[in-house]
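Note: hydrogens, waters and symmetry copies are ignored here, and every other heavy atom, side chains too, is used. Reminder, nothing fancy here: chain letters follow the sequence lines and each chain counts from 1. What you are looking at is a predicted structure, and each value in this text was computed from that prediction instead of being measured.
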Amino acid sequence: GENVEQHPSTLSVQEGDSAVIKCTYSDSASNYFPWYKQELGKRPQLIIDIRSNVGEKKDQRIAVTLNKTAKHFSLHITETQPEDSAVYFCAASIHGNNDMRFGAGTRLTVKP
Amino acid sequence: KAGVTQTPRYLIKTRGQQVTLSCSPISGHRSVSWYQQTPGQGLQFLFEYFSETQRNKGNFPGRFSGRQFSNSRSEMNVSTLELGDSALYLCASSLAPSGGGETQYFGPGTRLLVL
C-alpha cells in the first residue's frame with residue numbers, strides 16, 4: 001500500500017520567514033495530495049490540495065509543489081504569522097483505492 | 001451546510017468493554033472514512049465506507065469494525081478495548097471515495113480514554 005513520509009517532524013521559524021514541509025510517497029499511482037492544518041484541540045482542516053496533473057498550486061501565502069518523477073510534494077508557507085502555528089499533515093491517495101494515507105505530521109511553531 | 005458531526009465527543013471506558021462511535025457526514029456526502037489519531041502515530045486509516053459498503057480497511061485488528069447506514073451515517077465499533085486504543089477517533093466525509101481525489105472534511109473527533 002501507499003506509504004507517506006513527512007519531514008521535518010518539528011519546525012520553528014521566526015515570524016515573517018518562510019516554512020517548507022516535505023513529503024514523499026511510495027506509489028506512483030497516487031494522484032491526489034491534500035494538506036491539512038490541525039490547530040491544538042481542533043479538527044484537521046484542508047488548506048490546499050494538488051492533483052497529479054499539475055506541478056504547483058498557490059493560494060495567497062500557501063503553495064504546494066509536486067514532483068511526480070521524484071514522488072515528493074512540498075508545502076510552502078511564506079510570510080509566516082503566529083496563527084500559522086499548528087500541526088500540518090500531508091496525505092496521498094490513489095484513484096480507486098478508497099483510502100487516504102497521511103504523513104506523521106509537522107509541528108510548526110512561528111515565533112513572534 | 002452543517003459540517004461533519006461526531007458523537008459522543010468524549011468517552012471513558014475500561015479495558016474489555018466495547019464502544020460505538022457515530023459519525024454524521026455533510027449532507028449529500030456518501031463516503032465516510034475513519035481514522036485513529038495518537039500522538040506517536042499520527043493519523044492512521046481505519047476504514048472507508050461508501051454506499052453502505054466497506055471499500056477499504058487499514059491495518060487494524062478485527063476488534064475494529066464499522067458500518068454505514070442508508071442515510072450515510074456511519075458507526076465504528078471497538079470490542080474488547082485495550083489501553084492502547086486510547087486515541088482521538090476522527091471521521092471524514094466526502095462526496096465520493098477518497099481515492100477519486102475527493103476532498104475529505106473532518107469531524108471534531110471522539111476522544112476515547114481506556115482505563
Side-chain angles (χ1 to χ4, degrees), chain A residues 1-10 21 23 25-54 57 59 64 66 68 73 86-107, chain B residues 2-6 9-10 23 25-26 29-60 66 68 74 87-111:
Chain A
E2 175 65 279
N3 183 48
V4 178
E5 293 190 359
Q6 183 172 346
H7 300 280
S9 57
T10 60
I21 303 170
C23 289
Y25 59 98
S26 59
D27 196 322
S28 56
S30 291
N31 63 347
Y32 176 62
F33 309 92
W35 285 88
Y36 287 85
K37 174 184 180 182
Q38 187 175 29
E39 296 175 76
L40 190 62
K42 297 189 176 180
R43 73 189 76 187
Q45 300 265 17
L46 179 75
I47 54 171
I48 196 167
D49 58 12
I50 192 168
R51 287 170 168 76
S52 60
N53 58 345
V54 298
K57 183 176 179 181
D59 183 2
V64 57
L66 171 65
K68 286 165 51 181
F73 56 111
V87 178
Y88 292 81
F89 292 96
C90 63
S93 69
I94 303 168
H95 180 72
N97 203 18
N98 300 319
D99 71 47
M100 185 87 68
R101 301 293 170 157
F102 283 79
T106 296
R107 182 172 299 280
Chain B
V4 180
T5 59
Q6 291 186 244
R9 294 292 310 279
Y10 304 92
C23 173
I26 291 171
H29 285 193
R30 296 168 60 196
S31 179
V32 174
S33 298
W34 288 91
Y35 297 89
Q36 181 193 67
Q37 186 175 31
T38 57
Q41 297 294 320
L43 279 159
Q44 301 288 314
F45 172 74
L46 279 156
F47 28 65
E48 179 174 24
Y49 286 87
F50 179 71
S51 295
E52 301 178 65
T53 302
Q54 186 182 93
R55 302 293 288 252
N56 209 349
K57 186 171 166 51
N59 293 327
F60 279 82
Q68 186 179 35
S74 178
L88 179 67
Y89 290 88
L90 291 159
C91 77
S93 79
S94 57
L95 284 168
S98 61
E102 290 289 337
T103 299
Q104 291 190 328
Y105 297 89
F106 281 87
T110 294
R111 187 164 297 280

*asked:* Looking at B:Q6 and B:C91, would you say the former's side chain and the latter's main chain have a donor-acceptor pair under 3.5 Å?
replied: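 Present.
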*Is the backbone N or O of B:Q54 less than 3.5 Å from a side-chain atom of B:Q68, with the two atoms forming a donor-acceptor pair by type?*
no
_Engaged part of B:Q44 at the chain A interface, taking heavy atoms whose separation is under 4.5 Å_ = neither
*B:L43 portion near chain A, given a 4.5 angstrom heavy-atom threshold*: both
*Relative to chain B, which of A:G105, A:A104, A:P44 shows the most heavy atom pairs under 4.5 Å?*
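Option with the greatest count: A:P44.
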*Picking from A:Q45, A:R43, A:Q6, which has the most non-hydrogen pairs under 4.5 angstrom with chain B?*
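If we count pairs closer than 4.5 Å to chain B, A:R43 comes out on top.
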*Please work out which of the three classes, parallel, tilted or perpendicular, describes the rings of A:Y36 and A:F102, given edges at 30° and 60°.*
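A:F102 vs A:Y36 ring planes: tilted.
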*Mark yes when over 12 heavy atoms from residues, nucleotides or ligands other than A:D59 sit less than 6.0 Å from its CG; otherwise mark no.*
yes
*Among the options B:A92, B:P108, B:G58, pick out the one with the most heavy-atom pairs lying under 4.5 Å from chain A.*
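If we count pairs closer than 4.5 Å to chain A, B:P108 comes out on top.
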_Could you check whether B:S51 and B:R30, counting side-chain N and O atoms only, form a donor-acceptor pair closer than 3.5 Å?_
yes
